[in-house]
Amino acid sequence: MISDKGPWNKHIDKTEENHRKISGTDMVELATKYGTPLYVLFEDLIVGNYKKYQQSLEKEYKDHLICYAVKANASNYILSLLSKLGSGADVASEYELQLALNAGISAEKIRANGNCKSESYLEECITREIIINADPEEELKTIDSTAKELGVPAKINLRLAGFPIKHITSRAIMTSSDWSKFGIDIKRASSVFQKVLDMDMLIPNGLMVHLGSQITDISAYHIVLDTLINLSRDAQRAGFDIKEIDMGGGLGIQYFGFEDWNTIKEKIKTTRKENYTWANEFIGYEYNFDLNNLEWIGEELSCKYTPDTFIPKLLNEKFSANKTFKEKLEEIGSPRLVIEPGRSMVGNAGVTIAKVCHVSKTPGGENIVHVDLGVNSHTFGTIVPEQLHRVEIANDIEEGEHFETFIAGNLCFTGDLLCKIKSKLMKKPQRGDYLLFYDTGAYSDFFASNANLFPRPAKVVITKEGISKLLVRRENFSEIFGRYEL
Ligand SMILES: Cc1ncc(COP(=O)(O)O)c(C=O)c1O
């Protein structure tokens, strides 16, 4: 039974009418006021996550920079909030860059990512002297020639990949192993150092990697950091300056407690008998036609680290040569440590509310709750089928007879399920009920589109004063049709 709300436990409460209240706000009142589907963020939780990173870095490693990954949840309000706290930004396009600059984040605190940067994005970065995480290797020539045209040298980190790590998260969001569209192959690093040094307009600044997202295994970070430190030595010998090591983002969040998550993974194994997953697939497992040998290769939805425990664990562990990473970083001149957290900054700080339209059964007899939220507006469900969230009925949180069900969206295809694994509700919902999905603060509107011409949802924040504030309006008819030529 999933009754433990994990990181939410100390922020949740209920109203006299049995509605879910979070950080003092009645979720049902909010849904009535702004309509559904609705994304809700909590300022105090975002600030709390940022401070956990900041305080632990302050204690463990003086020269650091936190660059919030704008892609995880983009809004002026969040960026201004984080900017005032001292955060920088990881941006992945000229548009994210503009949002970060508008929020007052200074150019030296921005790191420019992307595997297919446009001319205008590169020009903007070079002119503003923003550090570019060069990726792929072929981009070095483009950056060099653009810098020549502008007459301004470009500061670059080399983004690397090809590290000996596998199955640390879902394939689609793994960005640092052999199969990755991102990064320069670590085996080519030495020759690339020389290549950079031979180009007139490139200023070497450091090395960068982004492991992937929802990483819960700290040893993956250790393997990668160890390799980066060794490569830094090679770089320095070649004359390539290592002013910083950028470890990217990736730290996972707790969607489920350890026990609950293991129970879910075990139940997926019995799906052939229990119809626990969509089309009885072994979602998240490598199947290989051997039912007795299923290997988990998907996301781990239970993470025992939070920002304040992750940083000391990362830096104080002895990994090789009986030295901690802090000691090893000192040996290469204590470069600045940059991190680019997204999900771990906002994921546990947001929920989504949707309205129940019907409760029905498939012709095969499976329960289906139909809601007004399509999979395109619900986290990474479109690319990570094992992405599952705690769900409850916001307008009636009393426990009843438990109800296991698939939850379907309102789009016109059968795969439009908010997760391809069954969810467990405290009771059977009814038409008009509100479903509350937890831990949806990161990447919820990432794929939001006008599929079936539905408007993209609205987003609100509950401020530290407990007031709801609209961050993004729900699209209206004229906005949806505004782009159409007659
Ligand atoms: C380069 C880069 N940095 C940081 C992040 C943020 O990752 P996460 O949200 O897992 O922390 C991403 C996510 O895709 C990324 O591509």
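Only heavy atoms go into these numbers, but all of them, side chains included; no hydrogens, no water, no symmetry mates. Remember, it's a predicted structure, so these values are computed and weren't measured experimentally. Numbering of ligands and ligand atoms starts at 1, following listing order.
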*asked:* Keeping Lys420 on the side-chain end and Gly415 on the backbone end, is there a donor-acceptor pair under 3.5 Å?
replied: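 Looks like yes, one N/O pair under 3.5 Å.
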*Would you check if the side chain of Thr175 reaches a backbone N or O of His210 as a donor-acceptor pair within less than 3.5 Å?*
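Such a contact is found between Thr175 side chain and His210 backbone.
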*Those protein residues which place at least one heavy atom below 4.0 Å from ligand 1*: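 Lining ligand 1 at under 4.0 Å, by heavy atoms, one finds Ala69, Lys71, Asp90, Asn113, Arg159, Met208, His210, Ser213, Gly249, Gly250, Glu340, Pro341, Gly342, Arg343, Tyr443.
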*Just how far is it from atom CG of Leu251 to atom OH of Tyr221, taken to the nearest 0.5 Å?*
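So the CG of Leu251 and the OH of Tyr221 are separated by 5.5 Å.
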_Residue pairs, two or more places apart or on separate chains, that pass salt bridge (charged side-chain N to carboxylate O under 4.0 Å, His left out) and touch residues 373-389_ =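 The answer is none; no pair qualifies.
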*Please determine if Glu286 and Arg171 form a salt bridge, counting it only when a charged side-chain N lies under 4.0 Å from a carboxylate O.*
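Yes, this pair counts.
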*Residue of the set Glu138, Glu96, Glu124, Glu139 for which salt bridge (charged side-chain N to carboxylate O under 4.0 Å, His left out) holds with Lys117*: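 In the set Glu138, Glu96, Glu124, Glu139, the residue that makes a salt bridge (charged side-chain N to carboxylate O under 4.0 Å, His left out) with Lys117 is Glu139.
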